[in-house]
Amino acid sequence: MIRLSFLRLVCCVAIQAFAVVAQAAYPDKPVQYIIPFAPGGESDIAARLQQQVFKVKYNQELIVSNKSGAGGALAWSQLNGMPGDGYMIMGVNLPHIVLQPLEPGTQFKTEDITPVYFFHYTPDALIVLGNHVSGAMSYSTLAIQQKGKMRMLAVATEKRLPQFPDVPTFKELGLNWVDGAYRGIGVPKSTPPDVRKMVSDMMDVVNKDPELRRRMTEGGFEVTDIGIDQVPAFVKERSADYLKAAKGLGMVK
């Protein structure tokens, strides 16, 4: 009995040691990173920046591929059919994954999506486009890309953007509005909790690279560091606000 118990103990220690080594080695091969939108958009731009940092940090390839369709819904509807091994990750966006399922025919539900990290958001911005439209709600990134061709009137950030020091925030104008489109990483629902944590930690390392953060900020992105422990509460809070707004617009009864 003593010998049997000892052997069991040795096996348990070996298994735990193997798990620690496996975790420490992650990622030890290329990671597939699917962007649910066409090339050239904010999600794609961010992924290409992350790709460069990932190569340096992990000496592995972050293989970015675009799978556009239905405003992201095509890829999100297929996420849970992919391997849950940590080597298949997908970009996820808020409020998209909350509001899209309210539309008839959407092939996924919000609870089907498993976010593990949110790395930035593009602040909402009120802009006027010269000789085209009277005004539009867009993002700060467009205001930077089209600087000189349009004018931004207000931005939904805590502080004024360095690129537009003369443009007030909505809070300065009396509206408590700090929001935008959040972008993050999701994994298939079959991904085990420890692997979800590894993916989240990996993206946190990438996201905290100083050069990446500088380039994100210059591009009009507001950097966030929302890891897996914070994700459930964050998504719950944002979802409540989105659904409240949707109800006010008649999208939800």
Side-chain angles (χ1 to χ4, degrees), residues 15-37 39 41-67 72 75-76 78-94 96-97 112-122 181-219 221-236 238:
I15 290 171
Q16 290 175 357
F18 177 78
V20 170
V21 171
Q23 181 169 340
Y26 176 84
D28 62 357
K29 63 180 181 180
V31 174
Q32 304 290 328
Y33 185 8
I34 298 175
I35 299 300
F37 303 98
E42 286 89 352
S43 295
D44 185 66
I45 290 171
R48 304 297 169 175
L49 294 176
Q50 293 164 335
Q51 185 180 46
Q52 299 170 32
V53 177
F54 183 89
K55 176 68 174 179
V56 174
K57 298 288 187 183
Y58 295 104
N59 196 32
Q60 296 290 343
E61 295 295 334
L62 186 63
I63 302 174
V64 179
S65 58
N66 301 83
K67 192 179 185 65
W76 291 324
Q78 299 173 359
L79 176 59
N80 288 334
M82 299 175 181
D85 59 0
Y87 291 92
M88 180 66 72
I89 63 177
M90 185 178 290
V92 295
N93 293 43
L94 289 172
H96 306 59
I97 61 173
D112 293 333
I113 308 301
T114 307
V116 296
Y117 197 86
F118 284 95
F119 49 79
H120 75 216
Y121 75 96
T122 40
Y182 288 86
R183 295 179 181 84
I185 297 297
V187 296
K189 196 169 287 291
S190 63
T191 307
D194 60 330
V195 178
R196 297 181 189 186
K197 178 70 162 57
M198 287 192 295
V199 174
S200 180
D201 290 347
M202 175 264 289
M203 291 308 303
D204 190 61
V205 170
V206 171
N207 205 47
K208 287 181 177 173
D209 179 78
E211 179 63 13
L212 174 72
R213 295 172 89 87
R214 183 188 68 79
R215 295 180 69 179
M216 289 280 196
T217 301
E218 287 182 351
F221 301 100
E222 289 288 293
V223 181
T224 63
D225 302 297
I226 302 172
I228 193 166
D229 294 336
Q230 302 166 287
V231 163
F234 174 73
V235 172
K236 182 178 180 180
R238 299 309 311 135

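Scope of the values below: all heavy atoms of this structure, side chains included, with no hydrogens, waters or symmetry mates. The model shown is predicted, which means the values in this text are computed figures rather than measured ones.
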Between Asn80 and Asp112, is any side-chain donor less than 3.5 angstrom from a side-chain acceptor?
no
Indicate whether any N or O donor in one side chain lies under 3.5 Å from an N or O acceptor in the other, for Tyr26 and Asp85.
no
Going through the distances and angles, do Asp28 and Tyr87 end up as a side-chain contact (heavy atoms from CB on, under 4.5 Å)?
CA-CA 9 Å; Asp28 62 357; Tyr87 291 92; 2.6 Å; yes
Does some side-chain heavy atom of [Y] sit less than 4.5 Å from a side-chain heavy atom of [X]?
X      : Y     : result
His96  : Phe37 : yes
Phe234 : Leu94 : yes
Gln60  : Val31 : no
Glu61  : Lys55 : yes

Which one of Val199, Val231, Ile228, Asn207 satisfies the side chain to side chain contact (heavy atoms under 4.5 Å, CB included) criterion with Tyr117?
Asn207
So, does [X] use its side chain to make a donor-acceptor pair with the main chain of [Y] at under 3.5 Å?
X      : Y      : answer
Arg214 : Asp209 : no
Arg183 : Gly91  : no
Ser200 : Gly227 : no

State the [atom1]-[atom2] distance between [X] and [Y], to the nearest 0.5 angstrom.
X      : Y      : atom1 : atom2 : answer
Leu212 : Thr217 : CG    : OG1   : 9.0 Å
Gln32  : Met82  : CD    : CE    : 10.0 Å
Gln50  : Ile185 : CD    : CD1   : 5.5 Å
Ile89  : Leu79  : CD1   : CG    : 11.0 Å
Asp225 : Phe118 : CG    : CZ    : 13.5 Å
Ile35  : Lys67  : CD1   : NZ    : 13.0 Å

Assert yes or no for the condition that the ring centre distance of Tyr33 to Phe54 is strictly below 6.0 Å.
no
Which pair of non-hydrogen atoms, one from [X] and one from [Y], has the smallest distance, and what is that distance?
X      : Y      : result
Leu49  : Met216 : CD1-SD, 4.2 Å
Pro115 : Ile97  : CG-CD1, 4.4 Å
Asn66  : Pro39  : ND2-N, 3.6 Å
Ala46  : Phe119 : CB-CE1, 4.0 Å
Gln51  : Leu62  : NE2-O, 2.8 Å
Tyr58  : Met202 : OH-CA, 3.4 Å

side-chain contact (heavy atoms from CB on, under 4.5 Å) assessment of Val53 paired with Glu211
CA-CA 9 Å; Val53 177; Glu211 179 63 13; over 6 Å; no
